[in-house]
Amino acid sequence: MENSKKPWELRSDDTRTEDKLPTFTIFTEDAMSEKLYFESFQTKKLKINVVEDQKSKMENIFRAIKHCEKNKAFDEGIHIWCVFDRDFNGNPDELNLDEISFDESPHTAKRNNIKVAWSNDCFELWVLLHYEDVDEKEPLLRNENYERLTEILKVDKKISSDFHVNIKQGTFNYFNNFKKKKRFKNYILPTLKDPTRRTTAIERAEELEKYHATRNVVPHEMCPCTMVHHLVEELLQYQ
């Protein structure tokens with residue numbers, strides 16, 4: 001069938017609508033929960049590409065730069081973000097290469113037009129902020145985050161019913177039970193997607209950030225703190 005348009009009505013830039021969708025390419029350290037979470041923001045108005053399992057700190061940034069250069073993402077107007085944790089495991093009185101890498105990562109990213117959403121100590125801090133306030137003056141490391149989430153989830157009626165055997169046996173914990181795709185999607189993601197809880201989490205994250213900003217310290221000293229809310233707020237602009 002011939003094109004019914006007159007020659008002067010044809011557009012030289014006649015591309016598909018979906019090709020013009022705002023696009024976020026997000027490089028995550030985690031291969032499961034972070035991927036599921038950020039992909040859940042995708043709609044008909046927004047495209048999300050998650051490149052998972054990209055390590056942490058400076059290595060995450062370097063991998064993002066290499067990927068974007070290879071795929072010409074910098075030229076396409078794509079929103080590029082790196083998501084990673086501090087994951088502290090060393091001596092608190094000794095500055096090591098991991099801490100230097102964590103502190104320098106945001107600067108390297110900015111110089112390459114990449115934004116970062118780091119968490120100190122781990123992404124689960126962002127999860128925890130959907131449930132309760134966190135003391136900005138008390139460091140909250142990864143295992144402590146998992147322990148607090150475990151205690152919170154134990155008293156959830158549905159979870160306590162579904163995992164009563166594990167709870168009774170003392171084998172129930174956030175890391176083992178909810179760092180799996182199906183369980184994270186069914187039990188944790190609905191809370192993270194709840195608008196009221198999400199708004200509260202953003203407010204709590206902002207308060208943590210403001211507190212540490214007044215201390216004039218470098219990122220590895222900002223614990224507990226997360227910048228995930230900045231990425232979330234940008235994603236919400238396209239919902």
Trainee: Can you tell me which residue pairs pass the salt bridge (Lys or Arg N to Asp or Glu O under 4.0 Å) test with a partner in residues 146-157, sequence neighbours excluded?
Mentor: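 Applying salt bridge (Lys or Arg N to Asp or Glu O under 4.0 Å) to every pair that reaches into residues 146-157, excluding sequence neighbours, yields E132-R148, E151-K154.
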Trainee: Under the ring pair (Phe, Tyr, Trp, His ring centres under 6.0 Å) test, which residues partner F38, sequence neighbours left out?
Mentor: none
Trainee: Do you know which two heavy atoms are closest between S105 and S101, and how far apart they sit?
Mentor: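 The answer is OG-O, 2.5 Å.
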Trainee: Hey, could you give me the CD1/CG distance between I80 and N112, rounded to the nearest 0.5 Å?
Mentor: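 The distance works out to 9.5 Å.
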Trainee: Start with the C-alpha gap between D30 and V83, add the side-chain angles, then the distance that decides, and say whether side chain to side chain contact (heavy atoms under 4.5 Å, CB included) holds.
Mentor: CA-CA 9 Å; D30 181 86; V83 178; over 6 Å; no
Trainee: Ignoring hydrogens and geometry, is there a side-chain-to-backbone donor-acceptor pair from N60 to K55 under 3.5 Å?
Mentor: yes
Trainee: Is there a path from L149 to L129 through hydrophobic residues (I, L, V, M, F, W, Y) whose side chains come within less than 4.5 Å of each other?
Mentor: yes
Trainee: Might you point out which heavy atoms bring N177 and T171 nearest each other, and give the distance in Å?
Mentor: OD1-O, 3.7 Å
Trainee: With a 4.5 Å cut-off on side-chain heavy atoms, are R204 and T200 touching?
Mentor: yes
Trainee: Under the side chain to side chain contact (heavy atoms under 4.5 Å, CB included) rule, what do M58 and T108 come out as? Steps first, then yes or no, please.
Mentor: CA-CA 8 Å; M58 198 67 80; T108 302; 3.5 Å; yes
Trainee: Measure the NZ-NE2 distance between K47 and H79 for me, rounded to the nearest 0.5 Å.
Mentor: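 Rounded to the nearest 0.5 Å, the NZ-NE2 separation comes to 13.5 Å.
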Trainee: Any link between F84 and Y37 through a network of hydrophobic side chains (Ile, Leu, Val, Met, Phe, Trp, Tyr) touching at under 4.5 Å?
Mentor: no
Trainee: Walk me through it: do N176 and N166 pass the test side chain to side chain contact (heavy atoms under 4.5 Å, CB included)?
Mentor: CA-CA 11 Å; N176 289 331; N166 301 84; over 6 Å; no
Trainee: Y238, I202: one ILVMFWY side-chain cluster at the under-4.5 Å cut-off?
Mentor: yes
Trainee: Does I114 belong to the same Ile/Leu/Val/Met/Phe/Trp/Tyr cluster as F102, with side-chain heavy atoms less than 4.5 Å apart forming each link?
Mentor: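 Result: yes, single cluster for both.
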Trainee: Are the side chain of Q239 and the backbone N or O of F41 linked by a donor-acceptor pair below 3.5 Å?
Mentor: yes
Trainee: Do you know the tightest heavy-atom contact between L46 and Q42?
Mentor: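 The answer is O-CG, 3.1 Å.
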Trainee: Could you walk me through whether E59 and R63 pass the salt bridge (Lys or Arg N to Asp or Glu O under 4.0 Å) check?
Mentor: CA-CA 6 Å; E59 186 171 356; R63 289 187 178 203; 3.0 Å; yes
Trainee: Can you find a heavy atom in the side chain of E136 that is under 4.5 Å from one in the side chain of R215?
Mentor: no
Trainee: Can you measure from OH (Y211) to CG (D135) and round to the nearest 0.5 angstrom?
Mentor: 8.0 Å
Trainee: Would you be so kind as to tabulate the donor-acceptor pairs closer than 3.5 Å made by side chains of residues 222-231, with sequence neighbours excluded?
Mentor:
{"residue": "T226", "atom": "OG1", "partner": "S119", "partner atom": "OG", "Å": "2.8"}
{"residue": "T226", "atom": "OG1", "partner": "V228", "partner atom": "N", "Å": "3.2"}
{"residue": "H229", "atom": "ND1", "partner": "T226", "partner atom": "O", "Å": "3.2"}
{"residue": "H229", "atom": "NE2", "partner": "E209", "partner atom": "OE1", "Å": "2.9"}
{"residue": "H230", "atom": "NE2", "partner": "E209", "partner atom": "OE1", "Å": "2.9"}
{"residue": "H230", "atom": "NE2", "partner": "E209", "partner atom": "OE2", "Å": "3.2"}

Trainee: Considering residues at least two apart in sequence or located in another chain, which fulfil the ring pair (Phe, Tyr, Trp, His ring centres under 6.0 Å) criterion with F62?
Mentor: none
Trainee: Got more than 12 heavy atoms from elsewhere within 6.0 Å of NZ, K179?
Mentor: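 Buried by this count: over 12 neighbours within 6.0 Å.
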Trainee: Has the side chain of E39 got a donor or acceptor atom that lies under 3.5 Å from a matching backbone atom of V50?
Mentor: no
Trainee: Partners of H67 by ring pair (Phe, Tyr, Trp, His ring centres under 6.0 Å), sequence neighbours excluded?
Mentor: F27
Trainee: Would the distance check show the side chain of N71 and the main-chain N or O of A73 forming a donor-acceptor pair, the cut-off being under 3.5 Å?
Mentor: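 No: the side chain of N71 does not pair with the backbone of A73.
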Trainee: Only one of E124, K185, K181 clears side chain to side chain contact (heavy atoms under 4.5 Å, CB included) with S33; which?
Mentor: E124
Trainee: Is it true that a side-chain atom of R142 and a backbone atom of D87 form a donor plus acceptor pair closer than 3.5 Å?
Mentor: no
Trainee: Atom CG of L140 and atom CG of N145: how far apart are they, to the nearest 0.5 Å?
Mentor: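 Nearest 0.5 Å value for the CG-CG distance: 4.5 Å.
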Trainee: Measuring from I26:CD1 to T28:OG1, what's the distance to the nearest 0.5 Å?
Mentor: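 Reported value, rounded in 0.5 Å steps: 8.5 Å.
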Trainee: With the 4.5 Å side-chain cut-off for hydrophobic clustering, are F123 and W118 part of the same group?
Mentor: no
Trainee: If you measure from CZ on F74 to CD1 on I65, what distance do you get to the nearest 0.5 Å?
Mentor: 6.0 Å
Trainee: Suppose the criterion is ring-ring contact (aromatic ring centres under 6.0 Å, His included): which pairs have a residue in residues 153-173, not counting sequence neighbours?
Mentor: F163-F172, F163-F178, F163-Y187, F172-F178
Trainee: Determine the minimum heavy-atom distance between T191 and R197, stating which atoms define it.
Mentor: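 Nearest heavy atoms, T191 then R197: CG2-CD, 3.3 Å.
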Trainee: Determine, stepwise, if the pair I188 / Y174 fulfils side chain to side chain contact (heavy atoms under 4.5 Å, CB included).
Mentor: CA-CA 10 Å; I188 306 301; Y174 183 87; 3.9 Å; yes
Trainee: If we ignore hydrogens and angles and just use 3.5 Å, is the side chain of N120 paired with the main-chain N or O of H220 as donor and acceptor?
Mentor: yes
Trainee: Could you check whether any side-chain N or O of S160 sits under 3.5 Å from a backbone N or O of V155, counting only pairs where one atom can act as donor and the other as acceptor?
Mentor: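 Such a contact is absent between S160 side chain and V155 backbone.
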